[in-house]
Amino acid sequence: MNRAAENLCLSLLSNCRTLRKLKQIHAFVYKSGLETDPLIAGKILLLSAVQISDAIDYARRLFIHHPNPDVFMYNTLIRGESESDSPNNSVSSFVRMLGESYSPPDSFSFAFALKAAANLQCLKTGFQLHCQAMVRGLDTHLFVGTTLVSMYGECGYVEFARKLFDEMNEPNVVAWNAIITAYFRGNDLSGADRMFGLIPCRDLTTWNVMLAGHTKAGDLERAKGLFLRMPSRDDVSWSTMIVGFAHNGCFYEALQVFRELVGSGNRPNEVSLTGVLSACAQAGAFEFGKVLHAFIEKIGFVWISSVNNALLDTYSKCGNVLMARLVFERMPGKKSIVSWTSMIAGLAMQGYGEEAIKLFHEMEESGTRPDEITFISVLYACSHAGLLERGHEIFSKMTGHYNIEPTIEHYGCMVDLYGRAGQLHKAYNFVVQMPVPPNAVIWRTLLGACSFFGDINLAEQVKKRLSELDPDNSGDHVLLSNIYAVAGKWKDVDTVRRLMAEKNMKKTPGWSMIEVDKIMYRFVAGDKLNDITEEAYNKLSEITLKLKVEGGYVPEVGNVLHDIEEEEKEDTLSKHSEKLAVAFGMARLCKGSTIRIVKNLRVCKDCHSFMKSISKVYKLDIVVRDRSRFHSFKEGSCSCRDYW
DNA sequence: ATAGGGTTAG
């Protein structure tokens, strides 16, 4: 009878995919008095520690309450913890195991604990484990040796990894894959390629290692070539390509590979989904993001926190905080630091400073310790909402209460905080007194503020420092020349322009994107004519006329670089990519639907008032995400309250 | 039960 119950439990467990279901089965196991059955306890631990995402806390509790865990259970816990958010727990479990006389660590224990050291990139821990393995004569074990190669590679000691590899008795394909990965880790692409040529036989992982190595190095052409050449592909190959494209800003390609993946009859896994969602977030592909959301609900990935985090980020980067908030509130289990930080950043981008700070306090109360990224998001929220006092408080809290050493990015946020508020000299003094030497980004932030508030004297001073640090940056010259243009100092404008021409500096072309029928269209300022741009230009002149007549729109020519005739200036302005994108959206989208634009640079003052005017005259909502924040235009005003 | 893919900011 007990035998029958045991078989029933085992068969239930073999089909278990979610923590929810596992808990139900676990309850049944208790009812049947089988909780100490080694086979069943081992399987439940394996599921919660390794096979089900985000269930490691459950696994730990289960382990603690289990009397005399065997070697398998120890190894399973060490394994699960090595891949969790805190791999140091894995090392602690290993140390605890060392103290148990009845279950000494075996080759598996070492392999998993070494994996934790690799994930921690902690050479000291790895080396200590290596020594322990030598004492027990396990360092020559094939699996342990392979993980040692991998660990040293991960910790940046590629030469040493190579030495161990050369000393291995008969390295198999897995060991070869580990040494190739180590070469990539050390940025030695030709070394990796050389080993790829020497390897006696290749398996699927060998190819996947090559894909990952080249996408991480930014060589997507090479990766794509390998992807097409490889004899077969699995879900890791697909997700490597999707994530690789997404990380390198090639969202179009990322979406395309995802479509191919689905088109070829495969079911995307959670990694492909997080990758493609990240591409949607960057591109602002709201409609496609919603399709993915539906898909995620349908196949039950709502239980995976990484997918939820990516989804939350997609909604907030597409300008829909309400949906982001909904995903955030409905997330199962404990919210991770990534969930909190993404939600805070989402509110910050919309200018909801108070709400972001409120959420930050909720996070603190929930017992999740904010990290340096969280503070960047909160400080960003303060600077974009003009909350000087709060920004100051939070900065002090970071250093005082949380003992987090500010990085140059945190100082950048503070400069931005003062700069955006127009306290330019306070910002300047802050930069001069910073304990870290200011870099180009810091000075550029200040130059941007000088440009917004038209402080020519300070701008010239700041530009001098920038010329020392990053003399060939075109954006800085454009900013300076804009400052002169606004002040009508055309001689100075000319000097800057000539310098730019002499040095052959190219302006970063501004582009804007808009999604129509789940396809992203990209417009570049002064684009050549084709069917799409012609449609946009035609609609744009119609809109401009209507705005001038009915909305009292007057082009603000101050931001135009050249000292040319008024009419010509207006012509340059009218080619700004965000205007083309909006016009295209108005021509193509259903009447009354919100227009969503993503722009790579910051929106100019003229385009800003143009959008306001459209929202009033056409009674249309427009959401523009620029380099720095969201602008939601409604009934003639913008959510940024002209503070950007 | 060794190797390969993962979401947050700048």
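Residue numbers start from 1 in every chain, and the chains themselves are labelled A, B, ... in the order their sequence lines are given, proteins ahead of strands.
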[X] side chain: which of [options] is closest?
X: A:Val271; options: B:dG6, B:dA3, B:dT7; value: B:dG6
X: A:Thr274; options: B:dA3, B:dG6, B:dT8; value: B:dG6
X: A:Ser306; options: B:dG6, B:dT8, B:dG10; value: B:dG6
X: A:Ser278; options: B:dT8, B:dA1, B:dG5; value: B:dT8
X: A:Asn172; options: B:dT7, B:dG5, B:dT2; value: B:dT2
X: A:Val174; options: B:dA3, B:dA1, B:dG5; value: B:dA3
X: A:Thr205; options: B:dG6, B:dA3, B:dT8; value: B:dA3
X: A:Phe72; options: B:dT8, B:dT2, B:dA1; value: B:dA1
X: A:Ala212; options: B:dA9, B:dG5, B:dA3; value: B:dG5
X: A:Ile376; options: B:dA1, B:dG10, B:dT2; value: B:dG10

Rounded interatomic separation in angstrom, taking [atom1] from [X] and [atom2] from [N]:
X: A:Leu220; N: B:dG5; atom1: CG; atom2: C1'; result: 14 Å
X: A:Leu292; N: B:dT7; atom1: CG; atom2: P; result: 16 Å
X: A:Leu277; N: B:dT8; atom1: CG; atom2: P; result: 10 Å
X: A:His247; N: B:dG5; atom1: NE2; atom2: P; result: 11 Å
X: A:Lys115; N: B:dT2; atom1: NZ; atom2: P; result: 9 Å
X: A:Glu83; N: B:dG5; atom1: CD; atom2: P; result: 11 Å
X: A:Tyr411; N: B:dG10; atom1: OH; atom2: C1'; result: 16 Å
X: A:Phe258; N: B:dG6; atom1: CZ; atom2: P; result: 16 Å

Just checking, any donor-acceptor pair under 3.5 angstrom between side chains of [X] and [Y]?
X: A:Ser628; Y: A:His384; result: yes
X: A:Asn177; Y: A:Thr205; result: no
X: A:Asn75; Y: A:Asp106; result: yes

Does [N] have OP1 or OP2 under 4.0 Å away from a side-chain N or O of [X]?
X: A:His410; N: B:dA9; answer: no
X: A:Lys216; N: B:dG5; answer: yes
X: A:Lys335; N: B:dT7; answer: no

Closest contact, heavy atoms only, A:Ala133 versus A:Val144:
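So the minimum-distance heavy-atom pair works out to CB-CG1, 4.4 Å.
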Between A:Ile376 and A:Cys413, which heavy-atom pair has the shortest distance, and what is it?
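Of all heavy-atom pairs spanning A:Ile376 and A:Cys413, the closest is O-SG, 3.9 Å.
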Looking across every strand, which nucleic acid part, if any, lies under 4.0 Å from [X] by heavy atom: base, sugar-phosphate, or nothing?
X: A:Asp203; answer: base
X: A:Asp313; answer: sugar-phosphate
X: A:Asp54; answer: nothing
X: A:Glu372; answer: nothing
X: A:Thr240; answer: sugar-phosphate

Given the structure, check if the side chain of A:Thr147 and the base of B:dT2 hold any donor-acceptor pair shorter than 3.5 Å.
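No.
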Using a distance-only criterion (donor-acceptor N/O pair, under 3.5 Å, no hydrogens), is the base of B:dG5 paired with the side chain of A:Ser239?
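Flag set: donor-acceptor pair detected.
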Report the residues that fulfil salt bridge (charged side-chain N to carboxylate O under 4.0 Å, His left out) with A:Glu297, sequence neighbours left out, ordered by chain and then residue number.
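A:Arg330.
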Let me spell it out: for each of A:Asp106 and A:Asp85, pick the nucleotide of DNA chain B with the closest heavy atom. Which residue's pick is nearer the 5' end?
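The 5'-side residue here is A:Asp106.
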Hey, could you give me each pair passing salt bridge (charged side-chain N to carboxylate O under 4.0 Å, His left out) that has a residue in residues 155-168 of chain A? Not counting sequence neighbours.
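Counting only pairs at least two positions apart or across chains, the salt bridge (charged side-chain N to carboxylate O under 4.0 Å, His left out) contacts touching residues 155-168 of chain A are A:Arg162-A:Asp166, A:Lys163-A:Glu167.
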